[in-house]
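Report on one structure; see the data block that follows.
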Amino acid sequence: MKTFLKILLTAVAVIVLANVLPGISVDGYVSAIVVAVVIALLNMIVRPLLIFFTLPATIVTFGLFIFVINAIIILLADKLIDGFAVSGFFAALFFSILLSIFRSALFSLLKEDKRIN
């Protein structure tokens, strides 16, 4: 149930960011949900491989190259989904940065209180 809520919250963030950022467009709510699912799958499968193969660049840039990897994931999602369009690399970079901020803020609402009684 928590995974489904995370997908829906990511879809909401995608819709909000598509309305705010120039260069990003989403056709509708269904496309936003598909974008959220595809980004989650790409983050599970492709992102670890990209991080492994670009580890020297990530170390030299003190981890800032991860932002480039996130932008590449967004561009891959653009190529895979018809209802999602990204105009270029910098639009994908800003979108990925703001999406991570939105997701962390929204996911903090889902955290359970784990107190010891």
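- With a 6.0 Å radius and a threshold of 12 heavy atoms from other residues, nucleotides or ligands, F89 has its CZ atom above the threshold.
- You'll find the side chain of L42 reaches within 4.5 Å of the side chain of L80, heavy atoms only.
- Closest heavy-atom contact between G88 and L75: O-CD2, 4.0 Å.
- Contact annotation: the side chain of V86 never approaches that of F95 to less than 4.5 Å [non-hydrogen atoms, C-beta and beyond].
- Counting heavy atoms from C-beta on, the side chains of I73 and L50 come closer than 4.5 Å.
- Residues I69 and T54 are in side-chain contact: their nearest non-hydrogen atoms beyond the backbone lie under 4.5 Å apart.
- Within a 6.0 Å radius of CZ in F107, other residues, nucleotides and ligands contribute more than 12 heavy atoms.
- Closest non-hydrogen pair, A92 versus A71, comes out as CB-O, 3.8 Å.
- For the residue pair I7 and A36, the shortest heavy atom distance occurs at O-CB, 3.5 Å.
- Between L106 and A13, the shortest heavy-atom distance links the atoms CD1-CB, 4.3 Å.
- Between V14 and F102, the closest side-chain pair of non-hydrogen atoms is not below 4.5 Å.
- Contact of the L99 side chain with the I39 side chain is registered, since non-hydrogen atoms from C-beta on lie closer than 4.5 Å.
- Side-chain atoms of D78 do not come within 3.5 Å of backbone N or O of I74 as any donor-acceptor pair.
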What verdict does the side chain to side chain contact (heavy atoms under 4.5 Å, CB included) test give for I33 and V30, after you've listed the backbone C-alpha separation in whole Å, the side-chain angles of each residue and the deciding distance to 0.1 Å? CA-CA 5 Å; I33 292 172; V30 175; 5.8 Å; no
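- Within a 6.0 Å radius of CG in N19, more than 12 heavy atoms belonging to other residues, nucleotides or ligands are found.
- Looking at heavy atoms from C-beta onward, R47 lies out of side-chain contact with I72 at the 4.5 angstrom threshold.
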